[in-house]
Colleague: 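The structure under discussion is supplied below as structure tokens; questions concerning it will follow.
Reckoned from all heavy atoms, side chains included, excluding hydrogens, waters and symmetry mates.
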Amino acid sequence: MTDLRKRILPTVQKPARYTGGEFNEIKKNLDDVRVRVAFCFPDTYEIGMSNLGMRILYGVMNEMDGVWCERVFAPWGDMEEAMRHNKLPLWALESQDPVKEFDMIAFTVGYEMSYSNILNMLRLAEVPLYAKDRRGLKNIVFAGGVCTFNPEPLAPFVDFFSIGEGEEITQEIIRLYDRAKAEQWSKDAFLLEVSKIQGVYVPSFYRHEYNDDGTLKAIVPLYNAPKKITKRIIENLDAAYWPTKGIVASTEIVHDRANLELFRGCIRGCRFCQAGFSCRPVRKRSPEVLFRQAVETLENSGINEITLSSLSTSDYRGLKELTDAMIPYCEQNRVNLSVPSLRADNFSRELMEKLQTVRKSGLTFAPEAGTQRLRDVINKNLTEEEILTTCINAFSGGWSNVKLYFMLGLPTETDEDVLGIAALVYKIIQAWKEHASNKKRGLRVHVATAYFVPKPHTPFQWEKQITPSEYLRRCKLLKEHFYSKSIEYNYHSPDLSRLEAVFARGDRRLAPVLEEATLNGARLDGWDEYFRYDIWRDAMEKCGLHADFYTTRGYDEEELLPWDIIDVGVTKKFLLRERKQAYGEKVTPDCRHGCAGCGANCMLKEVDCDA
């Protein structure tokens, strides 16, 4: 580390964000390295180090011979200011070398509000923003993650995208790059070859044409590029790489615990949920493999908390077998076991009592809507009786803290649906009064409402987003009907969710907006301390665009969508059918009750819908 950096570190918050040197970090001899990868997470250290996908791919790349993958995170504002003042380029943690010295620069993109950080990190690294301005094989920029299921707003900045799950495709990409570098290919030759790997999207190989009304007219493939990019999946999770020797953060991070990934995909089909559709089909790990991974991870790290994670943890059929093995181990070793992402329709008293022996935490559920009609519209497959029965079981078992998550602005929502949230909350309060076994602490009900954002590859991808003023009116209406002191109510900023919708459903014409906004100070937009909607509004106005085009306008069912080139396995025909079911207030049973024909199982050699 340079003397200059050493002098700067004592002047900034959390200097451990920038030093590296953590337990289990991977360092290699540069004489043995042929390909260097700067693996960038476009947010702060404490967010990135909590990201499971980053931990997996860090290990996957570093297991490759001749490849050294190092971590890079977005600096906090005070460090960025110091870096700019002292002309210090962005560096990687393991070697402390500048990012501009690396062969490949990889970004994982899980949240639309991190887009400004990607551009800001490239600027701080002194790497040209636009792909067309980066010559040769040095500083090849590629990106993956759930947001790349619509890669278009970032398309001009990224050389290529890795679509889908990264364990296998990342190795294929780097092996090809290794060969290209050794044989001194041109950048164009490398991009042409990498585009032949299933799941790789090279945006410069496609021309977008627009109608007079601004809608997309055509996506024209060039250089024999494929008409559709099919995402990659890992079929056998038991055999997939898992980071049992993960890096132990040297400062506090958001999720300072070990993780076990039970399965990928979701059987439920909630019509607003991008992950539920884009991550299909369901694939699971066996309880035996999970227990082994848990023990190895905990013993290699010294961490005293472990989380069982998935999109819907209680849908995992091996949960009883796994918790039967995990709980005695956790009790013996004083490890907290956390089981989030539970559903009110299958969260049993038996499971709650098991978890209580390790730690009694609050209950968290996401009914999403306050009335049965609207829950049927969104295909939540959850009844009021199931919600109340779960709460009664919890209250009688000693629980007194409940978190409830809802959305406002869902398709077909009325004021009656909004007030249905308040009615449901009061029924939960009444259930506590009648059934609680422990009333000394009193009841706390935390209610949070999010502003509905229509996402690509869902049945609601065509929907209108309600205006920010209408969203705030519904928040006010709901708040006025919360009279109990037991209720704590929070709601999301409408400006943030509006911008999220712009980039979620946006096209590559938004690239100049991104450039303009970041030039004027947009960064760390996921943090209240830094988010400024006025910067984005002014940037869109200067670039001749308006947020309404991507939000309140809605999209026609016959319209060509920017993300139509990406195939996530779920057919558009199925999504349209689900949209029709929504407006008919009809539910589609989950995958265990029969295949609904979404198309995702066609991606598997052997079909298994059952988690």
Side-chain angles (χ1 to χ4, degrees), residues 50-60 63 108 110 144-146 164-171 231-246 255 257-268 275-301 303 305-330 333 335-343 346-348 351 354-355 358 569 590-592 600-601 603-611:
S50 303
N51 183 268
L52 182 56
M54 188 167 193
R55 288 180 176 269
I56 291 172
L57 293 181
Y58 176 83
V60 164
E63 281 206 333
T108 179
V146 68
E165 295 165 2
E167 288 95 331
E168 294 174 352
I169 188 174
T170 303
Q171 291 192 335
K231 75 173 183 184
R232 293 289 291 270
I233 65 168
I234 302 299
E235 288 203 39
N236 184 354
L237 289 185
D238 275 352
Y241 173 84
W242 186 256
T244 56
K245 197 175 181 181
H255 299 304
R257 55 186 179 238
N259 276 283
L260 274 186
E261 185 186 37
L262 306 186
F263 63 93
R264 294 181 185 176
C266 185
I267 65 171
R268 294 290 176 168
F277 286 92
S278 63
C279 296
R280 292 184 179 195
V282 172
R283 290 138 295 138
K284 63 188 176 184
R285 285 187 169 90
S286 65
E288 299 80 18
V289 167
L290 287 166
F291 181 68
R292 173 179 58 78
Q293 291 175 345
V295 172
E296 290 179 10
T297 302
L298 291 167
E299 292 183 353
N300 284 330
S301 66
I303 292 172
E305 182 174 354
I306 188 164
T307 296
L308 309 184
S309 65
S310 68
L311 290 176
S312 182
T313 301
S314 51
D315 282 330
Y316 178 59
R317 281 289 175 89
L319 189 58
K320 182 181 186 303
E321 184 180 347
L322 178 61
T323 53
D324 283 348
M326 287 288 299
I327 287 172
Y329 175 86
C330 290
N333 293 277
V335 173
N336 290 327
L337 177 63
S338 175
V339 187
S341 302
L342 297 172
R343 285 182 57 94
N346 60 8
F347 186 38
S348 68
L351 178 58
K354 283 183 181 180
L355 295 175
V358 181
D590 67 56
C591 300
R592 286 182 182 154
N601 281 334
M603 307 190 80
L604 294 173
K605 295 184 182 72
E606 296 182 10
V607 175
D608 180 7
C609 286
D610 190 352

Colleague: How about R257 and N336: do any of their side-chain heavy atoms sit closer than 4.5 Å?
Modeller: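 They are not in contact (no side-chain heavy atoms under 4.5 Å apart), so the answer is no.
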Colleague: What is the minimum heavy-atom distance between L604 and R283, and which atoms define it?
Modeller: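 Here L604 and R283 meet closest at CD2-CD, 4.0 Å.
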Colleague: Below 4.5 Å, heavy atoms only, C-beta onward: do L262 and L322 meet side chain to side chain?
Modeller: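 In contact.
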Colleague: Could you walk me through whether L319 and L308 satisfy the side-chain contact (heavy atoms from CB on, under 4.5 Å) test, starting with their C-alpha distance in whole Å, then the side-chain angles of each, then the deciding distance to 0.1 Å, before giving a yes or no?
Modeller: CA-CA 9 Å; L319 189 58; L308 309 184; 3.9 Å; yes
Colleague: With a 4.5 Å cut-off on side-chain heavy atoms, are P281 and I233 touching?
Modeller: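 In short, these two side chains touch, coming nearer than 4.5 Å.
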Colleague: With sequence neighbours left out, write down each residue that passes side chain to side chain contact (heavy atoms under 4.5 Å, CB included) with D238, or none if nothing qualifies.
Modeller: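 Side chain to side chain contact (heavy atoms under 4.5 Å, CB included) check on D238 returns N236, R285, S286, V289.
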Colleague: When you compare the side chain of T307 with that of H255, does any pair of heavy atoms fall below 4.5 Å?
Modeller: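 No; the side chains remain at least 4.5 Å from each other.
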Colleague: Measure from the side-chain N and O atoms of D590 to the backbone N and O of R592, and report whether any donor-acceptor pair falls under 3.5 Å.
Modeller: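 Present.
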Colleague: Do the side chains of E235 and M603 get nearer than 4.5 Å, heavy atoms only?
Modeller: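 They are not in side-chain contact.
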Colleague: Less than 4.0 Å between a side-chain N and a carboxylate O, is that true for E261 and R55?
Modeller: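 Looking at E261 together with R55, the answer is no, because their closest N to O distance does not fall below 4.0 Å.
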Colleague: Mind checking whether L290 and Y316 have side chains closer than 4.5 Å, heavy atoms only?
Modeller: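 Yes, close enough: below the 4.5 Å cut-off.
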Colleague: How far does OG of S278 sit from NZ of K231, to the nearest 0.5 angstrom?
Modeller: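 Answer rounded to 0.5 Å: 6.0 Å.
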Colleague: Which pairs of donor and acceptor atoms, one on a side chain in residues 291-300, lie under 3.5 Å apart (sequence neighbours left out)?
Modeller:
{"from": "T297", "atom 1": "OG1", "to": "Q293", "atom 2": "O", "distance (Å)": "2.7"}
{"from": "N300", "atom 1": "ND2", "to": "T244", "atom 2": "O", "distance (Å)": "3.0"}
{"from": "N300", "atom 1": "ND2", "to": "E296", "atom 2": "O", "distance (Å)": "3.0"}

Colleague: Please check if the side chain of T323 supplies one atom and the backbone of K320 the other of a donor-acceptor pair under 3.5 Å.
Modeller: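 Looks like yes, one N/O pair under 3.5 Å.
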Colleague: Within the 4.5 Å heavy-atom criterion, are S312 and I267 side-chain neighbours or not?
Modeller: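 Result no, sub-4.5 Å side-chain heavy-atom pair not found.
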Colleague: Nearest 0.5 angstrom please: R268 CZ to C591 SG, how far?
Modeller: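 Separation between the atoms: 9.5 Å.
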Colleague: Is a side-chain N or O of S309 found less than 3.5 angstrom from the main chain of L260, in a donor-acceptor match?
Modeller: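 Yes, because the side chain of S309 sits within donor-acceptor range (under 3.5 Å) of the backbone of L260.
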Colleague: With distance as the sole test, does E165 use its side chain to make a donor-acceptor pair with the main-chain N or O of I234 at under 3.5 Å?
Modeller: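 Answer holds: yes.
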Colleague: On a heavy-atom basis, which atom in D324 and which in P328 lie closest, and how many Å separate them?
Modeller: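 The answer is O-CD, 3.1 Å.
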Colleague: State, to 0.1 Å, how close L337 and C330 come at their nearest heavy-atom pair, and which atoms those are.
Modeller: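 Heavy atoms only, the tightest pair is CB-SG, 4.1 Å.
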Colleague: Might you point out which heavy atoms bring R264 and I56 nearest each other, and give the distance in Å?
Modeller: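 Heavy-atom minimum between the residues: NH2-CD1, 4.0 Å.
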Colleague: Sequence neighbours left out, what passes salt bridge (Lys or Arg N to Asp or Glu O under 4.0 Å) with R232? Give chain and number order.
Modeller: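 Checked R232 against salt bridge (Lys or Arg N to Asp or Glu O under 4.0 Å); matches are E168, E172.
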